[in-house]
Amino acid sequence: MQVLHQNEVHASRFILWLSILTFFSVMNETMFNVSLPDIAAYFDIAPSAANWTNTCFSLSFAIGIAVYGKISEHTGMKKLLLLGMLIYGFGSIAGLLCHTWYPGVLIARFFQGAGASAVPSLIMVIIVKIVEPGKQGKAFGLIGSVVAFGEGIGPVIGGAISDYIHWSLLFALPLLSLLTLPFVLRTLPDETSEKKSFDITGAILLSVGILLFALFTTLYHWLYLSASLFLFGLLALHIRRQQAPFLEPFLFRKKRYITGVLTGALLLGTIAGFFSMVPYLMRAVYHMPTSLIGSAILFPGTLSVILFGILGGTLADRRGHIAVMLSGLGMIFAGFLIVLFYTDRAPWLITGSMILTFGGLSFVKTVISASVAKTLEPDEAGSGMGMLNFACFLAEGIGIAGVGGLLTKPWLNSPLNTTVTSQAAEIYSNMMLIFIAFMTFGGLLFTLSYKRNRQ
């Protein structure tokens, strides 16, 4: 009995420290978003360049999730977690030291994403191995709540620091997470790993191809697109010849799975682009300070994720995936229409739009995850869900980069919507038409595919 009690205390402490580590990792995703206009003004650069502050993080985060997931099959989790957090800390220190040099900021954010991605990549596996089966649900629930809270509080903290001190100090906050690292590593058991080959060539081809495609979405130079497609072609040939490729080829033969992944990437990438646009909108149209954008505009929306996330899971079990997906899309469309027609009317309308959009996003995420999971066999779940997370994080980075590029295009300043009277608001109203078009296509793709597969 005493040994059992000690194990329970050991697991509880482990979950506590892991939750703190997760909190700082997730918060870093959202706290820079609200400061993008400040970064653009500080370096006197266009949104297309400033948005790469988040794009670099998202791209390396997405690639890191795939890489850590693969390496975990060959190396112990303790070593990987330590490596990831050290890279995370290096990126944070580099950002503090190089904040006056924009390429240095981008490099720092890239390293932050590459390091921070170790936490979500390994956390599920760690809980399964450390926590006894009867208490794993509670552990997953706690981590989920911490993730939602970190995403919600990020814009508030980021806005306050940027407004009252300086945006560069956002690089200092992640260093606090390193204080928890000794306690987390102390609770992790030593592991013996099976030595297997790792497909470095496949990882490089995929990473460079993604980077070139993201550059195309910002700069619209066809050379980047051509080079990206060429590398993806080489990757396809490489996968066929490699015995243990970086990307699992059997996943690409599952049409329903691929449709779910593409739908998730399209929808989440579009919404990420919308969220990255909102701080620019509030600064240009309402001249709102960064701290107020974070606390009054973004924070209420991110808090709604917690409420609607729980509700979405319940409704998916009772009403079915299509009903929940349509409900989520309906909320997102309502939020988008508010910004489309009332861009310059009142700030509280934008807050309402964020609440609806974030709430709808919770529904969409729940349905995408559950639908994709149903297409996989038990022994395919690890690779399949890992690929879904990779695609969605990747799409978010590309969406942010794409929106930054679009905000610099003069043709988007045309007065298309007669309900918008402010010239500064026209480009943001017109952007909503693009977002609505992408969301409509994604919603139709999911609905038609799901109905066809039910018959």
Do [X] and [Y] have a side chain donor and acceptor closer than 3.5 Å?
X      : Y      : value
Arg109 : Ser60  : no
Ser162 : Ser35  : yes
Ser422 : Asp344 : no

Could you go through the side chain to side chain contact (heavy atoms under 4.5 Å, CB included) check for Leu394 and Leu59 one step at a time? CA-CA 5 Å; Leu394 173 63; Leu59 292 182; 3.5 Å; yes
Nearest 0.5 Å, what's the [atom1]-[atom2] distance between [X] and [Y]?
X      : Y      : atom1 : atom2 : value
Leu231 : Leu212 : CG    : CG    : 6.0 Å
Leu234 : Ile239 : CG    : CD1   : 11.5 Å
Ile400 : Ser48  : CD1   : OG    : 14.0 Å
Ile271 : Leu266 : CD1   : CG    : 9.5 Å
Ile63  : Ile210 : CD1   : CD1   : 4.5 Å
Thr440 : Leu267 : OG1   : CG    : 10.0 Å

Are more than 12 heavy atoms from other residues, nucleotides or ligands located less than 6.0 Å from atom [atom1] of [X]?
X      : atom1 : value
Tyr102 : OH    : yes
Lys255 : NZ    : no
Tyr280 : OH    : yes
Tyr286 : OH    : yes
Leu237 : CG    : yes
Phe333 : CZ    : yes

Output yes when a side-chain donor or acceptor of [X] lies under 3.5 Å from a complementary backbone atom of [Y], and no otherwise.
X      : Y      : value
Thr447 : Leu444 : no
Thr419 : Phe341 : yes
Ser228 : Gly209 : yes
Ser207 : Ile204 : no
Ser92  : Pro174 : no
Ser353 : Leu349 : no
Asn430 : Ser414 : yes

According to the interplanar angle, ranging from 0 to 90°, do the rings of [X] and [Y] count as parallel (below 30°), tilted (30 to 60°) or perpendicular (above 60°)?
X      : Y      : result
His166 : Tyr42  : perpendicular
Phe358 : Phe275 : parallel
Phe213 : Phe216 : tilted

If you look at every heavy atom in [X] and [Y], which pair is closest and at what distance?
X      : Y      : value
Val420 : Ala425 : CG1-CB, 3.7 Å
Met288 : Ile293 : O-CD1, 3.6 Å
Leu329 : Met439 : CD2-CE, 3.7 Å
Ile157 : Met27  : CD1-SD, 3.5 Å
Phe111 : Gly91  : CB-CA, 3.8 Å
Leu175 : Gly89  : CD2-O, 3.8 Å

Pair Asn417, Thr343 - check side chain to side chain contact (heavy atoms under 4.5 Å, CB included), show working. CA-CA 10 Å; Asn417 187 357; Thr343 319; 5.6 Å; no
Could you walk me through whether Phe435 and Tyr428 pass ring pair (Phe, Tyr, Trp, His ring centres under 6.0 Å), step by step? CA-CA 11 Å; Phe435 294 142; Tyr428 302 103; over 10 Å; no
Before we go on, tell me: are the rings of Phe336 and Phe274 under 6.0 Å apart, centre to centre?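 When the ring centroids of Phe336 and Phe274 are compared, they turn out to be within the sub-6.0 Å range.
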State, with a plain yes or no, whether a side-chain heavy atom of [X] is found less than 4.5 Å away from one of [Y].
X      : Y      : value
Thr100 : Val105 : no
Lys409 : Ile427 : no
Phe32  : Phe171 : yes
Ile297 : Leu292 : no
Leu337 : Ile436 : yes
Met331 : Ile355 : no
Phe446 : Thr259 : no
Val34  : Val156 : no

Output, in order, the C-alpha distance, side-chain angles, deciding distance and verdict of side chain to side chain contact (heavy atoms under 4.5 Å, CB included) for Leu268 and Leu361. CA-CA 8 Å; Leu268 297 186; Leu361 174 61; 3.2 Å; yes
Start with the C-alpha gap between Val339 and Met431, add the side-chain angles, then the distance that decides, and say whether side chain to side chain contact (heavy atoms under 4.5 Å, CB included) holds. CA-CA 10 Å; Val339 180; Met431 282 289 294; over 6 Å; no
